Amino acid sequence: MATTASPGVAWPARTLDARPWLRFGLRRAGRLLVSLWVLLTASFLMTHLIPGDPVRGALGPTAPAELVAAKRTALGLDDPLPVQYLDHLRGVLTGDLGTSLISQVPVSDVIGQRLPATLWLAVLGFAVAVAVAVPVGVAAGVLTRRGHGRRTELAFTGTSVVLGTIPDFLVGVALVYVFGVRLGLLPVAGNDTLSSLVLPVLALAIGPAAILARVLRVEMVRVLQADYIRTARAKRLPARTVHLRHALPNALTAALTLCGLLLGALVAGTVLVENVFAWPGLGSTIVSSILTKDYPVVQGIVLVYGVGVLLVNTLVDVALALLDPRSMIRED
Amino acid sequence: MAGVDGIAGVDAVSDPSRAGRDPRRASRWAGVVRTPLGLAAVVLTLALLVLAVVAPMLWSADASAVDTDDILAGPSAEHWAGTDNLGRDIVLRTLVATRLSIGLALGATAIAVVVGLVLGTAPLLLGRRAGRAVVAGVNVAVAFPGLLLALFFAVVFGVGATGAVLAVGFAGAPSFARLVQTLVAGVAAHDYVSAARVAGVGELRILVRHVLPNIAEPLIVNATIGAGSALLSFAGLSFLGLGVQAPAYDWGRLLFEGVGSLYVNPAAAFAPGAAVLLAGLALNLLGESAAKAVGVASPGELSVAPRRRRAARATPLPGPAEPDPQADAPDLVLDVRDLHVGFPARDGRVEPVRGVTFAVRRGEAVGIVGESGSGKSLTALAVAQLLDDLADVRAERLDVLGEDLTAPGGESRRHHLGTSLAMVFQDPMSSFNPTTRVGAQLAEVARHHQGMGRREAMDRAVDRLAAVRIDDAERRVRQYPHEFSGGMRQRAMIGMGLMGSPELVIADEPTTALDVTVQQQVLDLLQAIRRADDVALVLISHDVTVVGDVCDRVLVMYAGRVVEDLPATGLTTSARHPYTRALVAAVPTMDTDLDRPLTVIPGRPVDPADVPVGCAYAARCPLASDRCRAEDPPLAGDGTAHRVACWHAGDPIDVDPGGRPLAQVEAT
Amino acid sequence: MSELRFEQVSVRYGRSTVVDGVSLVVPPGEVVGLVGESGSGKSTLARAAVGLAPLHGGSILLDGEPVPLRGRRRPVQMVFQDPFSSLDPRMTIGASIAEAMPRDLDRSARRVEVARLLELVHLDAARADARPAELSGGQRQRVALARALAARPAVVVADEITSALDVSVQGTVLNLVRELQRELGLSMLFISHNLAVVRYVASYVAVMHRGVVVEQGPAAQVLAEPAEPYTRDLLAAVPGSTLRRSHP
Ligand SMILES: Nc1ncnc2c1ncn2[C@@H]1O[C@H](COP(=O)(O)OP(=O)(O)O)[C@@H](O)[C@H]1O
Ligand code: SF4
Ligand SMILES: [Mg+2]
């Protein structure tokens, strides 16, 4: 329709008045606080939603009743719920996450020991995924832009769907088999040497890289059809400039939210991958703790994961606001 | 875990408002099996379902047969993938596990879909405040990766199959809820939902009658993909020992056991691993193919068969087009002869521009009018070489500012056109890059084509913004496009064209997206530029009055042709083509006679895929004769600058004095 | 014939007041044209009359009674701007029209009524089973009009119903509006940013600017002797306007 008149301009030109950054910061901080509160409450509820007595469950049916009772009192489980809730909140805020039911080690110490190994995995995995996906996805986007490369598109999409579907633990098992069992090239367990990072990082990165590359290609193709790309071409800029200066930032902006989700998923993926590679991080600890019903440890690790995810999301929003100032006012 | 849920079908168009435009819905679903990948996915999925039903019936007993003499054996003729630590056959166990694995995944998906639907439609049913709370809750939950949620719920619901189904189901719910919310919000924004509300239809009924049917397709697609990821999540949980517990077994459990003996019998891990992978892929690919099939295909995705490309001209042209009578003038900025623009289509090729010939002289303002779809924009974009590569542009001559565009050009042509040809587009918002400051977008013209430095180019940008009457240009160059008002943006766009020293401005509906008051400012600005530097202007508009106001000469386009070329002053008095006359009469002006009905043009514009023989306007023309329906009239001049393509140009048109032209019932 | 009366109507979204104390009367059987630039609050005022925008202050009266904004009976109906969004793509146009009819009609009565309404808007009654995708923009807007009429309204609010249409089709819809108004004695609030269009259909004109009605009166008077500078600006901006040349 050529004749659509006036209404429906996408963005009201009203941002001059308010200080958008301040408002954005306040709103974003508010959301982070609410999310943290939800997380804390959920981690508190976790132990109370479990059917039966968690202490009895952890110590086993043969443990003497006095021991269970003593433990319950020590954990404060006999206090009224609101008191327990406040204790929980206060504990978390002062860094006191309780002690392990099994090993009697403070949970914060357990986390302190295990967190760095997991962080390494997640950060490296993400870096590798992004480093591979961005050039590949962008190049594929340019090659398969409207009216180009139908075969390339088919091959690319097929490959990326397959690679993005394979779960990281299967990749892990396959890598263990090929490089450990068959070739004996790389270490397949523990984190004693730098080379022991290679396989777990690969296992983590392949899926997210495929997904990110695929989305980036789609975004590039979409962006290359945008009106402002036509404008850039009307300015007779060379193709390189059009693609890298005008299309790329917009495609990245659109893919950034996904990056946040992927990083979150990657953090979660460490749980499985750590178990495949016997990596001494939070993931292997949380699984063994769930199996031994060591709830304070589980609770603490869930909190750490949760906070990590929330921080990632906040960072993504800030990056988005820097890249595309419109995103700040989008939620008004 | 396959990473992230909810990006299903990113490669397809997933706009629910567009889904459903095609009445042949069933055939679109059938499109899934038309691609090799989709067909494979369908076959694989069906095979899995069959296996899930029959495998336990056939092999359940054999799969649990313990053989202590043959434990942890490698692959052999008898046991293709060897045996486990109790001597049971791995392949049989993998086959039998299909039912439990698929069943659990479907169960979890069902939970996710139901919870997601409830949460996702809640905002519509609950009203503003409660709805907003639900949305906020879902937004928080969706930030957490599925596997973490699954772990959380696995703790809450306890280790085991039931706990895992609930865990995976609830973990999948937030992303599904978010998807439903987005889809519902998309549909609810449509006026037909408002209209139903205004008609007193209740919210629940609106949900059932209007919303759900319009979001069903993306939901089904995403549920399929969701089932794939549920399957993989399950395998993950079982692999960690948190899912199915012995003696029951699913693929994840088998994998868990197999990995334990990876060094002894790797096949024990590979068989269930392959099963997980295959099933996950099948469901995922099925979903993806369905997404592609039901999403509305863009022209680029139509299966083009270049070999079958028909001869470019389906109907013979009425001889070579007469050149524009001006074409001999020495000071032409634009000389277009017999321009054709075609696109590949389902059955060969469509040609929305079918032989346009015109010339523009230095300083001249030429307007192009016509209904939407008549080929105005395509003509402009072809002249500016801005069509994408799908378009097939042919012309006998295409000279722009002395550059012959039918021949390949180089660097110098880019610099020449980059500084002397300016474009203005309809939507000033979307025509600016949203992530770059306005100043930088102007400055890059000077930096690139005129070799200016950063500082110098920015000064020029400030100067040009001021030239298009934007106040406080120093500050404005540092702002982003969204901080400009609509009219200001359009003036900035014109300013961008003025970075060089334009000799030709092509403006495609430059004021259509603007308010009347702002429209006038933009038109005045274009006029001023024209007058000041003898710049030629091609102004495209659907509005005859706008073109008549601004231009010296008007080209009237219909169905991809110029049907009349006349002086703008003659629009109301000396137009000879019936279409031009109808177009002028159809627009109410401040002097329209209030006692008479408005002139209307019956029928519809010509579909470029189906151009009739003879005069394209014949079906709507009150003067149409047999000759018109057989022979296409050429655009012919009468010696003056006036050209017209009509066999009966200028003949009187009877308007039945009492009859309203509208009174005819339209049956298309 | 009914009278629609806005009394000191205000609508706010968040902190911004979009409609600010508007008083306006749509007399029985008359068409009132509401003009103004986009964002001036025209649509919001219209939506308030049918319950799609929340009233912050004032009242909207139909023949002296508050307009019912809930429940089944809705004597004020609305036709929307975008012909591509105003009909459910999955419903036949007959079903869309029937949906707005009073509940007590049975199936065959509905069918008869759909046919009557389609003919009223000059569409072939046999096309009741067509889906919107098969119709042109102008035909869709006529179906939307038929749907509004199906509710047997006392007043119809038409919000920019021709601005998304080509001029060649616009005439069809405008002629139909005038015809329906004359034959059915409809009261109508007709919103448009195009003064020439408003002049053609409306007997009264109200000019809205920044949420406020700055001028209203008989069309002939407002358009010939505008009292407000803003109205004069609007008139001057009409393409082909004679005022334009003399305007600075
Ligand atoms: N739902 C809404 N939330 C916030 N602002 C709105 C909403 N609807 C309309 N507005 C604002 O109200 C003003 C008037 O809009 P509208 O009534 O659509 O004017 P018009 O009909 O004259 O185009 C605009 O600035 C618009 O941005
Ligand atoms: S050639 Fe015939 S049909 Fe075509 S416009 Fe002229 S009179 Fe009408
Ligand atoms: Mg409006």
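Values below: all heavy atoms of this structure, side chains included; hydrogens, waters and symmetry mates excluded. Values in this document were obtained by computation on a predicted structure and should not be read as measured data. Throughout, a chain's letter reflects where its sequence line sits, starting with A, and its residues are numbered from 1.
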Minimum-distance pair of heavy atoms, taken over all atoms of [X] and [Y]:
X        : Y        : answer
A/Gly264 : B/Pro145 : O-CG, 3.0 Å
B/Val140 : A/Ser35  : CG2-OG, 3.7 Å
B/Arg414 : A/Leu237 : NH1-C, 3.7 Å

How many angstroms lie between [atom1] in [X] and [atom2] in [Y], if you round to the nearest 0.5 Å?
X        : Y        : atom1 : atom2 : answer
B/Asp388 : A/Leu224 : CG    : CG    : 10.5 Å
B/Leu237 : A/Leu272 : CG    : CG    : 8.0 Å
B/Leu232 : A/Leu170 : CG    : CG    : 8.0 Å
A/Arg236 : B/His448 : CZ    : NE2   : 11.5 Å
A/Thr157 : B/Glu288 : OG1   : CD    : 9.0 Å
A/Arg245 : B/Gln441 : CZ    : CD    : 9.0 Å

Note to self: Suppose a student defines contact as a heavy atom less than 4.5 Å from any heavy atom of chain A. Which residues in residues 430-437 of chain B would they list?
What the structure shows: B/Ser430, B/Ser431, B/Phe432, B/Asn433, B/Pro434, B/Thr435
Taking side chain as everything from C-beta outward and backbone as N, CA, C, O, which of these in [X] sits under 4.5 Å from a heavy atom of chain B? Side chain, backbone, both or neither.
X        : result
A/Leu39  : side chain
A/Ala42  : both
A/Val162 : both
A/Ala234 : both

Notebook entry, point to check: B/Phe144 and side chain to side chain contact (heavy atoms under 4.5 Å, CB included): which partner among A/Val302, A/Leu261, A/Asn313, A/Leu310?
Noted result: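 Answer after filtering A/Val302, A/Leu261, A/Asn313, A/Leu310: A/Leu310.
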Note to self: I'd like to know if the side chain of A/Arg233 and the backbone of B/Leu387 have a donor-acceptor N/O pair within less than 3.5 Å.
What the structure shows: yes
Under a 4.5 Å cutoff for heavy-atom pairs, which residue among [options] has the most contacts with chain A?
options                                : value
B/Leu417, B/Val259, B/Val142           : B/Leu417
B/Pro481, B/Pro266, B/Gly228, B/Gly500 : B/Pro266
B/Gly280, B/Ala384, B/Ala141           : B/Ala384

Next item on the list: Answer with side chain, backbone, both or neither: which region of B/Val516 has an atom nearer than 4.5 Å to a non-hydrogen atom of chain A?
Entry: neither
Next item on the list: Flag the pair B/Met496 / A/Thr231 as yes when at least one side-chain heavy-atom distance between them is below 4.5 Å, and no otherwise.
Entry: yes
Checklist line | Non-neighbouring partners of A/Asp294 that pass side chain to side chain donor-acceptor pair (under 3.5 Å), sequence neighbours left out | finding: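 With neighbours one apart ignored, the set is A/Ser100.
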Next item on the list: Measure the acute angle between the ring planes of B/Phe239 and A/Phe169, then classify it against the limits of 30° and 60° as parallel, tilted or perpendicular.
Entry: parallel
